[in-house]
S.K.: 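Submitted below is the structure of interest, expressed as structure tokens.
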Amino acid sequence: MSKNSRLVYSTEVGRIKPQAEESEAPPAGDGIVRLHRETKGRGGKAVTLIKGIPLAGAELKALAKELKKLCGVGGTIKDGEVTIQGDVREKLKPALEKKGFTVKIAGG
């Protein structure tokens with residue numbers, strides 16, 4: 001073997017080949033986008049979690065960017081959920097409904 005080899009070996013499972021990127025499929029759900037308010041683990045500061053968006057990949061990223069810009073705040077995407085800083089559920093609901101989603105405000 002050459003010293004530039006990228007072979008990875010694990011004693012637990014044997015050879016490990018790099019995984020090809022999985023095609024991102026939209027998460028299965030009931031078709032309702034839910035807006036949650038959460039403060040746990042954030043030093044008492046509220047964030048809005050957007051769950052159940054039937055989009056994935058670049059479409060989800062573009063939607064998140066548009067929503068962050070609408071609210072004038074930051075945010076992130078993790079595990080198919082969009083997190084927007086602050087309690088901005090009342091701003092997000094009409095914007096998401098305008099895009100054709102069924103939206104419910106959930107959580108405290």
S.K.: Going only through I, L, V, M, F, W and Y residues with side-chain contacts under 4.5 Å, is there a path from Leu96 to Leu60?
M.R.: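 In one cluster: yes.
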
S.K.: State, with a plain yes or no, whether a side-chain heavy atom of Asp87 is found less than 4.5 Å away from one of Thr48.
M.R.: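 They are in contact (side-chain heavy atoms under 4.5 Å apart), so the answer is yes.
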
S.K.: Distance check, rounded to the nearest 0.5 Å: His36 atom NE2 versus Ile50 atom CD1?
M.R.: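 One gets 10.5 Å once the value is rounded to the nearest 0.5 Å.
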
S.K.: Does anything in residues 73-82 form a side chain to side chain donor-acceptor pair (under 3.5 Å)? List the pairs, not counting sequence neighbours.
M.R.: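 Sorted result for residues 73-82: empty, none.
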
S.K.: Do Leu92 and Val103 have side-chain heavy atoms sitting under 4.5 Å apart?
M.R.: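 With C-beta onward as the side chain, the pair stays apart.
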
S.K.: What pair of heavy atoms forms the shortest contact from Gln85 to Val73, and how long is it?
M.R.: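 Heavy atoms of Gln85 and Val73 come nearest at O-CG2, 3.4 Å.
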
S.K.: If hydrophobic clusters are built from ILVMFWY residues whose side chains come within less than 4.5 Å, do Phe101 and Val88 share one?
M.R.: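 Yes, Phe101 connects to Val88 through the hydrophobic network.
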
S.K.: For Thr39, what residues pass the side chain to side chain contact (heavy atoms under 4.5 Å, CB included) criterion, not counting sequence neighbours?
M.R.: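 For Thr39 the side chain to side chain contact (heavy atoms under 4.5 Å, CB included) partners, ignoring immediate neighbours, are Arg37, Ala46.
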
S.K.: Identify the heavy atoms of Ile84 and Lys68 that sit nearest to each other, and give their distance.
M.R.: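 Answer, listing the atom of Ile84 first, then Lys68: CD1-CG, 3.5 Å.
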
S.K.: Does Leu63 reach the side chain of Val82, with side-chain heavy atoms less than 4.5 Å apart?
M.R.: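 A side-chain contact under 4.5 Å is absent here.
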
S.K.: Do you know which two heavy atoms are closest between Glu90 and Ile105, and how far apart they sit?
M.R.: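 The pair with the smallest heavy-atom distance is OE2-CD1, 3.3 Å.
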
S.K.: Quick one: salt bridge (Lys or Arg N to Asp or Glu O under 4.0 Å) pairs with a partner in residues 41-64, sequence neighbours left out?
M.R.: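 Those involving residues 41-64 are Glu38-Arg42.
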
S.K.: Taking side-chain hydrogen bond (donor to acceptor under 3.5 Å, both in side chains) as the test, write out the residues that go with Glu66, two or more places apart.
M.R.: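 Glu66 satisfies side-chain hydrogen bond (donor to acceptor under 3.5 Å, both in side chains) with Lys99 only.
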
S.K.: Same cluster for Leu35 and Leu67 if Ile/Leu/Val/Met/Phe/Trp/Tyr side chains link at under 4.5 Å?
M.R.: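 The answer is yes; both residues are in one hydrophobic cluster.
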
S.K.: What is the distance from atom CZ of Arg89 to atom CG of Leu49, rounded to the nearest 0.5 Å?
M.R.: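 That separation rounds to 10.5 Å.
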
